[in-house]
Undergrad: 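Could you have a look at this structure, given as structure tokens, before my questions?
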There are 2 protein chains.
Amino acid sequence: MEANGFELENFLPYRLNRAAEFVALRFAAQYKARYQLTRPEWRTLAALGSSERPMTATEIGAHSTMHKTKVSRAVFGLEQRRWLKREEDGRDRRFEHLALTPAGEQAYRELTALASAYQNELLSMLGVENMQALSAGLLAVERAMRKRGTASPLPNPQGGGT
Amino acid sequence: MEANGFELENFLPYRLNRAAEFVALRFAAQYKARYQLTRPEWRTLAALGSSERPMTATEIGAHSTMHKTKVSRAVFGLEQRRWLKREEDGRDRRFEHLALTPAGEQAYRELTALASAYQNELLSMLGVENMQALSAGLLAVERAMRKRGTASPLPNPQGGGT
DNA sequence: GCATATTAGTTACAAGCGTAACTATTGATT
DNA sequence: AATCAATAGTTACGCTTGTAACTAATATGC
């Protein structure tokens, strides 16, 4: 009671988080329902699919901002699905070079088609101008992230998730 | 391989989610380290603190976009801390009217002060113009949310968290 | 008035998560 | 060469989460 003026609805972390959840939700429904993919698996697929060369798990984590253990589990999941294969590095056997199988590449093409369609849908929902404003704002946040470091080992909000 | 043009870095759901995590992180560190609060507890505190009247758990969930069970657990946590008290509704005993105790209000004042300071810090990190652009973009997303409904019972991305 | 549906809130359960500890391998120092 | 540090990746553990089932109370239809 006795408002000191603070309103959660105007608090940027809250607004960003809620918008992110909403926007992610309808796309996640697609890859979850149609492919039984988790979000880390989708991100891993997207990272590998867009790369010309095989990647290591650490590179995937850096590319798509995921914790080591998330990548490890996602790689395992995609491997079981036969969408990904590992190849060990001859010179340094700690590394695993990960690449999509043909089936994985096929799934990647289908999912990126869905993703692009969804992005267009968002564009028409928001309007060009608002989308540009949002993108510019996000770009500023991304610059700030690079400056102040994305926090050491990528700690996330809570134990559970969002 | 064989890029069809899709890049995760340009995908709005991904960008929003990453920005939200980054922005939330440094504030969450404050209420976690100094008050051992979880995010649902902080949101519940913020909802009750800014309300003139007591609220029900359902109202809190609607106000701060949280799932029933999250609210239930957060209320329990704040109650144990003696920051919140329940009062049953005489006319309809299904309802519980929740209000902050003086200790809860004190914590609310301290935390909103931290929140406002953090918001100002963000403003200076991003610059006024970028902050306005971001806010305008988020507003458009929020309008779209109201149109297409925040999904029925507030399902979240994954089981775990982010 | 009585059965059925609806609503507020809680809880058991399974799954995902991050931390920290672990294995395996390589690099650096001496 | 031998030790110690650093790195890639995996895994055990405890915690948080949403789903679904649950209890308790009220509303609705007949």
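Nothing here was measured: the structure is a model prediction, and the numbers come from that model. Each chain gets a letter, A, B and so on, in the order the sequences are listed, and its residues count up from 1.
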Undergrad: Starting at CD of A/E59 and ending at C1' of D/dA8, how long is that distance when rounded to a whole Å?
TA: 11 Å
Undergrad: Report yes if a side-chain nitrogen or oxygen of A/H67 is closer than 4.0 Å to either non-bridging phosphate oxygen (OP1 or OP2) of C/dG16; otherwise report no.
TA: no
Undergrad: Are B/W42 and B/F27 close enough that their ring centers fall under 6.0 Å?
TA: yes
Undergrad: Rounded to the nearest angstrom, tell me the gap between atom CD in A/E88 and atom C1' in C/dT23.
TA: 16 Å
Undergrad: Under 3.5 Å, is there a donor on one side chain and an acceptor on the other for B/Y31 and B/Q36?
TA: no
Undergrad: If you compare every side-chain N and O of B/T38 against the phosphate oxygens of D/dT16 (OP1, OP2), does one of them come in below 4.0 Å?
TA: no
Undergrad: So, the side chain of B/S116 versus the backbone of B/T112: is there a donor-acceptor pair under 3.5 Å, distance only?
TA: yes
Undergrad: Ignoring the backbone of B/P40, work out which of D/dA8, C/dT25, D/dT17 is nearest its side chain.
TA: D/dT17
Undergrad: I want to check something: taking the side chain as every heavy atom from C-beta on, are B/F6 and A/R109 in contact at a cut-off of under 4.5 Å?
TA: no
Undergrad: So, is A/S72 close to the D/dG9 phosphate, meaning a side-chain N or O under 4.0 Å from OP1 or OP2?
TA: no
Undergrad: Look at A/K68 and C/dG18 and indicate whether a side-chain polar atom (N or O) is within less than 4.0 Å of OP1 or OP2.
TA: no
Undergrad: With respect to the phosphate group of D/dG9, does any side-chain polar atom (N or O) of A/R94 fall under 4.0 Å of OP1 or OP2?
TA: no
Undergrad: By nearest heavy atom, map A/R73 and A/R91 onto DNA chain C; which one lands nearer the 5' end?
TA: A/R73
Undergrad: Scan B/T69 against the nucleic acid and name what it touches under 4.0 Å (heavy atoms): base, sugar-phosphate only, or nothing.
TA: base
Undergrad: What is the distance from CD1 of B/I60 to C1' of C/dG9, rounded to the nearest Å?
TA: 12 Å
Undergrad: Would you please confirm or rule out a distance under 4.0 Å between OP1 or OP2 of D/dT10 and any side-chain N or O of A/R86?
TA: yes
